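Just the heavy atoms: all of them, side chains too, but no hydrogens, waters or symmetry mates, feed the values below. These numbers were taken from a predicted model, which means no experiment stands behind them.
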Amino acid sequence: MGKLVLGLSAYYHDSAAVLVRDGKPIAAAQEERFTRKRHDPAFPAEAVKYCLAEGGVGLDDVDAVAYYEDPKLKFGRVLTSFAASSPFSLEAFTRVLPEWTSWKRDTVGRVRRSLADLGLGAVPEINVRRHHESHAASAFLPSPYESAAVLCIDGVGEWATTTLWHGQGSRIRHLAEIRYPHSLGMLYSAFTYFCGFKVDSGEYKLMGLAPYGVPRYADVIRQHLIDVKDDGSFRLNMSNFEFLRGQVMTGRGFEQLFGGPRREPESPLTEREFDLAASVQLVTEEVVLKLARTAREMTGEANLCLAGGVALNCVANGKVIQEKIFDSVWVQPAAGDAGGALGAALMVATELGAPRAHLAEGGDGMSSSLLGPGFSDEEIARFLDDLGVPYTRLDEESIAKHVAEELATGKIVGWFQGRMEFGPRALGARSIIGDPRDVDMQSTMNLKIKFRESFRPFAPSVLAEEVEEYFDLHQESPYMLVVAPVAKQRRLDAEESAQATGLDRLKVHRSTIPAVTHVDHSARVQTVTASSNPTYHRLLTAFKQVTGCPVLVNTSFNVRGEPIVATPYDAYQCFMRTNIDLLALGNFLLNKADQPAWREQGDWRKEIALD
């Protein structure tokens with residue numbers, strides 16, 4: 001059976017479980033996908049049950065459990081932070097202290113009890129790793145490199161906010177770190193909050209908003225908020241931040257610097273928010289580039305691995321690649337806290353003697369991040385028959401051809417195929433797809449499908465063999481974590497009025513694939529190969545045969561405020577509650593026009609066993 005390690009992250013956000021066999025992840029999922037609570041921080045009971053079922057094992061078969069951070073060190077940081085900001089932090093301290101004294105200091109004990117409560121066997125030894133060590137292991141150990149520089153940047157773990165490592169063989173060596181409260185992730189989250197978005201989820205919105213503005217506040221940020229050295233090390237001016245006090249991210253300091261109070265959530269966006277987003281994005285890129293150059297100098301490596309929440313800033317990742325600081329860059333697809341469960345498990349697995357076997361096979365060790373639940377055609381047929389809805393069953397080639405033809409007429413398709421993705425991105429397994437040539441596709445998807453802000457950009461999936469025909473990108477980007485310019489030969493000589501500002505810039509068509517071309521001619525690219533995802537590659541190929549275009553719009557199969565769909569029921573529910581035209585569930589095709597009126601009732605839910 002080989003050595004088995006169960007990795008866990010829990011109790012902050014994006015709880016997850018991962019099962020690793022002989023150093024290879026064989027199952028991984030975030031708890032939110034099962035509970036339908038976005039960013040669910042609870043103990044990942046359902047994710048654990050899935051991983052063990054996928055592996056065909058019980059807890060008795062698991063050699064070790066790996067937890068992604070050290071609760072005792074984290075408690076020490078919390079106490080120190082509150083003491084440093086006393087008496088202003090007293091209210092927040094009295095609010096969180098009972099939770100820490102009752103169970104958080106003994107998080108490992110709670111994990112042990114929660115595992116025992118599952119009734120799936122005796123709980124093995126729990127191995128505690130440090131937060132940034134887990135990030136670093138998740139970045140390097142499944143990467144395609146024998147050796148590499150490793151850079152981890154996030155909000156905060158126990159104390160570390162930025163760490164640099166050197167990965168060689170199966171070892172990662174810690175080289176340098178920046179400690180809390182000096183945090184690039186916290187800086188970005190402060191602007192997320194000040195612009196009226198939710199911290200720990202709205203950062204994507206801020207990044208998408210940045211190209212609509214001009215970075216006129218960048219000097220203010222450099223002069224009053226963050227002092228950055230040539231090597232990328234930095235310090236925040238804490239007098240202008242409030243997060244140490246535990247109540248909010250920003251206060252009077254930000255208001256004085258940026259001309260008034262924070263934007264109220266859901267209120268209209270103004271030029272100030274556009275320009276604030278552009279400014280903090282520029283400063284973030286500057287810091288990341290300096291850190292990358294230091295990583296190259298300190299390690300002498302030609303390859304870079306990235307993880308941590310800031311590694312989800314795909315614009316900054318793209319800048320690192322464009323600057324050619326490294327020959328190649330690999331980003332962990334679950335770069336946030338969910339990926340910490342993976343890194344912790346891989347770290348323990350290597351200590352138990354597991355090899356990095358994927359290196360001999362070529363490519364990375366993530367199985368294209370398709371590590372979540374999958375459903376057979378028989379299971380899907382049983383679900384649809386029990387639900388009593390009309391469908392057409394096709395073979396693999398036919399469904400790809402039929403969906404491609406429908407996409408070419410402007411139809412929007414829910415695409416539910418194979419195993420679910422691990423991480424925040426839909427990669428062609430749980431995706432909503434459309435025609436990138438359609439000038440109305442972005443607004444249609446945002447407003448009528450996703451029910452979200454009109455400015456949010458959509459990502460293109462492209463056949464890997466065609467990527468340079470459409471994008472200025474000269475390496476693979478399988479996990480949609482790199483932004484690249486649209487190729488010049490695909491751009492249009494569109495005239496943009498000098499008076500066009502803010503969201504008015506959305507109306508300008510900038511390329512032959514306008515639905516995936518952002519206002520700065522950029523796109524968050526996913527490259528697809530026949531080996532990484534043969535089903536999705538087959539669809540892209542069919543769409544090229546029909547239209548001559550090897551690109552599709554790819555957005556996650558969910559609506560605003562909900563996690564990505566996990567089961568056929570989730571997919572059907574989303575299909576019927578939105579303006580999606582067609583649903584492809586495995587080899588089954590459902591047409592919205594043929595479906596009975598949707599009646600959402602709790603007892604309609606059909607659970608499908610994960611056996």
Side-chain angles (χ1 to χ4, degrees), residues 183-228 234 236-237 239-243 248-290 310 312-319 322 442 446 452-457 483 485 494 496-508 510 517-524:
S183 165
L184 194 60
M186 288 293 191
L187 173 73
Y188 207 87
S189 290
F191 279 87
T192 300
Y193 172 83
F194 193 70
C195 289
F197 303 123
K198 189 175 180 180
V199 172
D200 289 331
S201 63
E203 285 79 5
Y204 293 129
K205 298 180 184 181
L206 198 70
M207 183 176 64
L209 199 65
Y212 293 96
V214 294
R216 63 188 177 96
Y217 296 109
D219 281 342
V220 177
I221 296 172
R222 298 183 191 107
Q223 292 168 13
H224 297 281
L225 295 182
I226 184 170
D227 178 25
V228 185
F234 57 86
L236 300 186
N237 178 359
S239 66
N240 286 317
F241 294 90
E242 297 294 323
F243 62 79
V248 293
M249 293 297 294
T250 65
R252 186 171 299 175
F254 261 60
E255 292 175 1
Q256 292 174 342
L257 287 172
F258 303 118
R262 71 183 285 249
R263 168 183 171 259
E264 287 298 318
E266 306 302 328
S267 65
L269 290 160
T270 69
E271 290 295 322
R272 185 184 70 155
E273 283 74 53
F274 302 145
D275 295 344
L276 285 169
S279 301
V280 73
Q281 178 63 37
L282 176 61
V283 172
T284 298
E285 292 165 13
E286 291 171 351
V287 178
V288 171
L289 286 170
K290 288 181 177 181
V310 176
L312 294 172
N313 192 309
C314 47
V315 179
N317 298 343
K319 297 291 185 184
Q322 289 168 31
Q442 181 182 3
N446 269 327
R452 69 184 195 182
E453 301 90 345
S454 62
F455 68 82
R456 301 280 294 276
V483 163
E496 186 161 358
S497 169
Q499 285 74 42
T501 59
L503 299 184
D504 286 342
R505 300 178 65 195
L506 268 173
K507 301 172 184 176
V508 179
R510 294 173 170 79
T517 303
H518 208 8
V519 294
D520 59 351
H521 291 102
S522 70
R524 176 163 47 93

All side chain to side chain donor-acceptor pair (under 3.5 Å) counterparts of [X], not counting sequence neighbours:
{"X": "S267", "answer": "none"}
{"X": "S522", "answer": "D520"}
{"X": "R456", "answer": "E453"}
{"X": "T270", "answer": "E273"}

Item to check | Nearest-0.5 Å distance that lies between atom CZ in F194 and atom CG in L206 | outcome: 12.0 Å
If you look at every heavy atom in [X] and [Y], which pair is closest and at what distance?
{"X": "C314", "Y": "R524", "result": "SG-CD, 3.1 Å"}
{"X": "P457", "Y": "G208", "result": "CD-CA, 4.1 Å"}
{"X": "A210", "Y": "A278", "result": "O-CB, 3.3 Å"}
{"X": "H518", "Y": "R510", "result": "O-CD, 3.7 Å"}

Are [X] and [Y] close enough that some pair of their side-chain heavy atoms sits under 4.5 Å apart?
{"X": "L312", "Y": "Y204", "result": "yes"}
{"X": "L282", "Y": "I221", "result": "no"}
{"X": "H224", "Y": "F258", "result": "no"}
{"X": "F234", "Y": "V283", "result": "no"}
{"X": "L225", "Y": "V280", "result": "no"}

With sequence neighbours left out, which residue pairs that include part of [range] fulfil the salt bridge (Lys or Arg N to Asp or Glu O under 4.0 Å) condition?
{"range": "residues 248-268", "result": "E266-R560"}
{"range": "residues 278-288", "result": "R222-E286"}
{"range": "residues 275-284", "result": "R216-D275"}

Next on the checklist: For the NZ atom on K319, are there more than 12 heavy atoms of other groups (residues, nucleotides or ligands in this structure) within a distance under 6.0 Å?
Outcome noted: no
Next on the checklist: Can you tell me how the ring of Y212 sits relative to the ring of F274, calling it parallel under 30°, perpendicular over 60° and tilted otherwise?
Outcome noted: tilted
Next on the checklist: Which residue in the set L236, N313, V287 passes side chain to side chain contact (heavy atoms under 4.5 Å, CB included) when paired with L184?
Outcome noted: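 The side chain to side chain contact (heavy atoms under 4.5 Å, CB included) with L184 is passed solely by V287 among L236, N313, V287.
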Item to check | CA sep, side-chain torsions, deciding dist, call: V199, M249, side chain to side chain contact (heavy atoms under 4.5 Å, CB included) | outcome: CA-CA 9 Å; V199 172; M249 293 297 294; 3.8 Å; yes
Taking only residues two or more places apart in sequence or in another chain, which ones pass side chain to side chain contact (heavy atoms under 4.5 Å, CB included) with [X]?
{"X": "P485", "value": "Q322, D472, R491"}
{"X": "D200", "value": "Y12, H13"}
{"X": "N237", "value": "S239, N240"}

Checklist outcome for this item: Residues passing the ring pair (Phe, Tyr, Trp, His ring centres under 6.0 Å) test with F241, sequence neighbours excluded, are F243, F254
Checklist entry - Restricting to pairs with a member in residues 186-198, which pass side chain to side chain donor-acceptor pair (under 3.5 Å), not counting sequence neighbours? => result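 Qualifying pairs: Y188-Q281, S189-E203.
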Next on the checklist: Using the rule given for side chain to side chain contact (heavy atoms under 4.5 Å, CB included), can you reason through T284 versus V315, listing the C-alpha separation, both sets of side-chain angles and the distance that settles it, and then say yes or no?
Outcome noted: CA-CA 10 Å; T284 298; V315 179; over 6 Å; no
